[in-house]
Number of protein chains: 2
Amino acid sequence: MTMALSTAQRVAGVLRDRIEGGGLPPGTRLSEEALGRDLGVSRNTLREAFRLLIHESLVVHRLNRGVFVRVVDPADVTDIYRVRAALECAGVRAAAGAGRPLREAVTAAVEEAGRAAAGGDWQEVGSADLRFHRALAALSGSPRIDAAMDRLMAELRLAFHAMPSPRRFHEPFLARNRALAKLLADGEYARAESELTTYLDDALELILGALREREREGENA
Amino acid sequence: MTMALSTAQRVAGVLRDRIEGGGLPPGTRLSEEALGRDLGVSRNTLREAFRLLIHESLVVHRLNRGVFVRVVDPADVTDIYRVRAALECAGVRAAAGAGRPLREAVTAAVEEAGRAAAGGDWQEVGSADLRFHRALAALSGSPRIDAAMDRLMAELRLAFHAMPSPRRFHEPFLARNRALAKLLADGEYARAESELTTYLDDALELILGALREREREGENA
DNA sequence: GCTAAGATATTGTTCAACAATTCTCAATAG
DNA sequence: CTATTGAGAATTGTTGAACAATATCTTAGC
């Protein structure tokens, strides 16, 4: 029953891996001719693959100039956190009326992060953290908010590339995630919301600091 | 200085106008061959235009069946208003720290709606109303929120097609818009937010009622 | 009337050629 | 030396076609 993937989907997968693996750094132009020859597909098929990646915000398209690996600058990260604050706070406010499965997804993500941290898998801690915040926004019960969060998270993953140590970044937030989940479970929605707001501000500052750091290094190259 | 648009973008514009103008009612199938011949573009380019409209949620794509003009059902409208509540409330909360031009855009939209109502142009009242709410969300100062609101408004316009009398729908909200703008100008953010919440709930009910009405009529056809 | 098999029409995918645009870089003017 | 301009090269945009996969319609049989 497994549906075979189209050529374009396979090509998109290869490019996605290269981008997320660092083989294609942000800002790189993806030449249609060169890549098409490299991957053994026609330009048209390659462009179809590009469209999939554009939809994922992994690359951007500039008319008559081609596609480039997305560069997430500080203004983007700041904006992403602004939207996250709006959507996740909306989720927290809707927590009281949210169904059981939605609320359990929140605590489940916290527990998964804890297990991953105990095992030293900080990559997985990062994934669980994103799932936790996605679950917060999902408390609204809105498919459109879910989709928007997925797009924001994909963009954020690109910015995380700039973080030197996943552990240093994620570890402090483990306890705060747990605290947030507890406030929600106890029905302390107002306090949960204010804690979430400062939480997101703190995380934003950490990432902006790392981006500035990386930029300073880049100047000497 | 004029930036040239790609063929696909032009075609998407034509289709967008036809859809919003009612020439292509919700549910219509957009045949690749017929439309391509009609507009004088290749299937490949037409499909590219479709992708743009899919991204705007104006049409939907069903595998191996083609693209159809989006049918906005009650669940969609409910979800759209959920997201609107999240984004517009976020804007109201950010109003205190918003810049002068953003705050003035809010009052400007209210005044334009008033002038249009005085002139009896209820179509324009509707447009000004959408601008008003867009301006509320824009108080956050977030490009992504602005873009999200634009998409939501485009979807909503499809649903408005079901409203029999623009006047009956928009008139009651004129005074409420004015009241909301005043609360904001006076710094009464908490009250503005709670008024906005009930406002959106009321508007949602009106639209859902009209949709149910239209569906009942449709059964006898 | 209903079902099933085959015929037809439509969309999905890929390709190669041609058109339009941008980019490169040397020549030139200030 | 800097800025500009213009021809040529490189790259992307668009097209039409061919073939595959899927859906829809037609028809034969029960």
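Throughout, a chain's letter reflects where its sequence line sits, starting with A, and its residues are numbered from 1. On a predicted model such as this, the values are computed, not experimentally measured, just so you know.
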**OP:** Verify whether one side chain among A:N177 and A:Y199 offers a donor that lies under 3.5 Å from an acceptor in the other.
**Re:** yes
Subject >> Separation of atom CD1 in A:I54 from atom C1' in D:dG13, rounded to whole Å >> reply: 13 Å
Original post:
Hey, is the side chain of B:R43 pairing donor to acceptor with the base of C:dG12 inside 3.5 Å?
Top reply: yes
Subject >> Length of the line joining B:N64:CG and C:dT10:C1', which is rounded to integer Å >> reply: 9 Å
Subject >> Toward the 5' end of DNA chain C, by each residue's nearest nucleotide, A:G40 or A:R65 >> reply: A:G40
Subject >> Within the 6.0 Å centroid threshold, strictly below: B:F173 and B:H133 >> reply: no
**OP:** Quickly work out the A:R47 CZ to C:dC15 C1' distance and round it to whole Å.
**Re:** 14 Å
**OP:** Compare side-chain N and O positions of A:T45 against OP1 and OP2 of C:dC15 and report whether any pair is under 4.0 Å apart.
**Re:** yes
Subject >> Distance, rounded to the nearest Å, where B:Q9 contributes CD and D:dT12 contributes C1' >> reply: 14 Å
Original post:
Under 4.0 angstrom, heavy atoms only, what part of the nucleic acid is A:S42 near: base, sugar-phosphate, or nothing?
Top reply: base
Subject >> B:H61 vs C:dG12: side-chain N/O to OP1/OP2 distance below 4.0 Å >> reply: yes
**OP:** For the pair B:H55 and B:F50, evaluate ring-ring contact (aromatic ring centres under 6.0 Å, His included) and give the outcome as yes or no after the intermediate values.
**Re:** CA-CA 9 Å; B:H55 192 250; B:F50 283 164; over 10 Å; no
Subject >> Separation of atom CZ in B:R29 from atom P in D:dT22, rounded to whole Å >> reply: 18 Å
Original post:
Whole-Å distance between D:dG16 P and B:N44 CG?
Top reply: 11 Å
Subject >> Integer-rounded Å distance: D:dG16 C1' and B:E32 CD >> reply: 14 Å
Original post:
Around B:Q123, counting heavy atoms of other residues, nucleotides and ligands shown, do more than 12 lie under 6.0 Å from its CD?
Top reply: no
**OP:** Could you tell me the separation between the CZ atom of A:F50 and the C1' atom of D:dT11, rounded to a whole number of Å?
**Re:** 12 Å
